[in-house]
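From a predicted model like this one, the values you see are computed outputs, not experimental measurements. Numbering of residues begins at 1 and proceeds along the displayed sequence.
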Amino acid sequence: MTDRLTVTPLPFDPAYEQVPDDEAETISGLIQAMREITETTFADSGHAVRSVHAKSHGLLQGEIEILPDLPPELAQGAFAKPGKMPVVMRYSTNPGDILDDKVSTPRGLAIKLIGVEGERLPNSDGQVTQDFVMVNAPAFMAPTPKDFLKSVKLIAKTTDRAPRAKQALSAALRGAESLVEKAGGESATLKGMGGHPTTNLLGETYYSVVPLLYGRYFAKLSVVPVSPELKALTDQNVDLKDKPNGLREAINDHFAGHGGTWELRVQLATDIEKMPIEDASVVWPEDASPYVTVARINVQPQSAWSEARAAVVDDQMSFSPWHGLAAHRPLGGIMRSRKPAYEMSSEFRARHNGCPMHEPKTLDRLPS
């Protein structure tokens, strides 16, 4: 991270996006697999949940401050003008079924800015929100939509099956990942299959993993804990013995007496070869373009999760990178392919839970 812009960003060129001839077929397969996940979990529980990142662990409301005096290259889109606006944050883990936290998988953070101004993406006219959807990894687990579809098909086949076996497998995978990390490495595959360390979600750094437009440029984003009370939670293990919702309890315990501050940072692309759009698995090198802070998120002590709060945020809100400004249009095949799947999941939940998805114009106090 740096305090000022030290690179020359590369303007976006539409030629950087390459659409395969068979992408429509891949999208159809992805929708089918994700619908299978949502239908399976609905049949088992009678309640419609997201096809991925179904289980929330923290539902927070706070305020985001867009920093003043940003360089023109960074003062783009939702960050064009300094000021403050409400924000909702949703912490989650990856699976589409609601599992015991001992099945330890990659973590997600979705944030919704409320009160942004500017030209909207298609089908979002009249809205005033900007969503960013992130996970705790600097790049996506699959390079292309076809590779992503293979993973989703496997997840669909195992949704809501053998939860105890999943716990045992996750424990074994955590052990394997621990050995890899002791040797100085890291395995996204082991983590993705259930071998993620059982650490506190609040200590993680989250990334958009795939690029998006940033005004006339393109970039990746990250959200980084910076207040001492959050930084102290980085790599801190959570006791999950006899606690199927231990991660949620840990977040609730923290915000019962503490607040938190995060920085939202931007990594502008400077080299299309080193920072491709269509290969989502490439980590953009920070020595070529460091992340630069453009905003801070502040959250005060509050009830971080409750059934009443989940009824509002989990059931009535959707978080999609396609809810937002044209200046932040998601880029690349992974995001083109996921757009219809996001829409299917939201429509399914709205239809079966009896309440339409809504985009708040303002943010009242969430239930405790």
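- Thr205 pairs by the side chain to side chain donor-acceptor pair (under 3.5 Å) definition with nothing, not counting sequence neighbours.
- Side-chain contact between Leu264 and Thr293: absent, with no pair of heavy atoms (C-beta onward) separated by less than 4.5 Å.
- Atom-to-atom distance recorded for Trp305:CH2 and Asn245:CG is 7.0 Å, nearest 0.5 angstrom.
- Residue Thr41 holds its OG1 atom at 7.5 Å from CG of Asp97, rounded to the nearest 0.5 Å.
- Smallest separation of non-hydrogen atoms from Lys220 and Pro138: NZ-O, 3.6 Å.
- A 4.5 Å side-chain heavy-atom check between Lys243 and Arg248 finds every atom pair outside the cut-off.
- Contact record, Ser368 with Ala308: O-CB, 4.1 Å, taken as the closest heavy-atom pair.
- Within 6.0 Å of CG in Asp235 there are 12 or fewer heavy atoms belonging to other residues, nucleotides or ligands.
- Residues Met85 and Leu113 approach most closely at SD-CB, 3.9 Å, considering heavy atoms.
- Between Phe132 and His328 the shortest side-chain heavy-atom distance falls below 4.5 Å.
- The aromatic rings of Trp262 and Tyr91 lie tilted to each other, with the angle between the two planes from 30° to 60°.
- The two atoms that bring Tyr217 and Leu268 nearest to each other are CB-CD2, 4.1 Å, heavy atoms only.
- Taking a cutoff of 4.0 Å between a charged side-chain nitrogen and a carboxylate oxygen, Glu63 and Arg296 do not qualify as a salt bridge.
- Here the closest non-hydrogen pair linking Val210 and Ala280 is CG1-CB, 3.6 Å.
- With contacts defined as side-chain heavy-atom distances shorter than 4.5 Å, the pair His254/Leu202 qualifies.
- Using the six-membered ring where Trp is involved, Tyr16 and Phe12 have ring planes that are perpendicular, over 60° apart on the 30 and 60° scheme.
- Arg265 pairs with exactly one of Leu221, Val294, Val224, Val223 by the side-chain contact (heavy atoms from CB on, under 4.5 Å) rule, that one being Val224.
- Taking 4.5 Å as the limit, every side-chain heavy atom of Leu59 sits out of range of all side-chain heavy atoms of Ser303.
- Between Glu23 and Asp21 there is no side-chain heavy-atom pair separated by less than 4.5 Å.
- At a threshold of 4.0 Å, the pair Asp314-Arg90 counts as salt-bridged, since one of the basic side-chain nitrogens sits closer than that to a carboxylate oxygen.
- Residues meeting the salt bridge (charged side-chain N to carboxylate O under 4.0 Å, His left out) test with Asp69, sequence neighbours left out: none.
- Tested against Ser289, the residues Leu5, Asp271, Thr270 include a single side-chain contact (heavy atoms from CB on, under 4.5 Å) partner, Thr270.
- Considering only heavy atoms from C-beta on, Arg338 stays 4.5 Å or farther from Glu343 through its side chain.
- Ring geometry for Trp284 versus Phe218: interplanar angle over 60°, hence perpendicular rather than tilted (30 to 60°).
- At distances below 3.5 Å, not a single donor-acceptor pair connects side-chain atoms of Ser28 with backbone N or O atoms of Ala24.
- Note: the hydrophobic cluster containing Val292 also contains Val7 (ILVMFWY, side chain heavy atoms under 4.5 Å, direct or indirect links).
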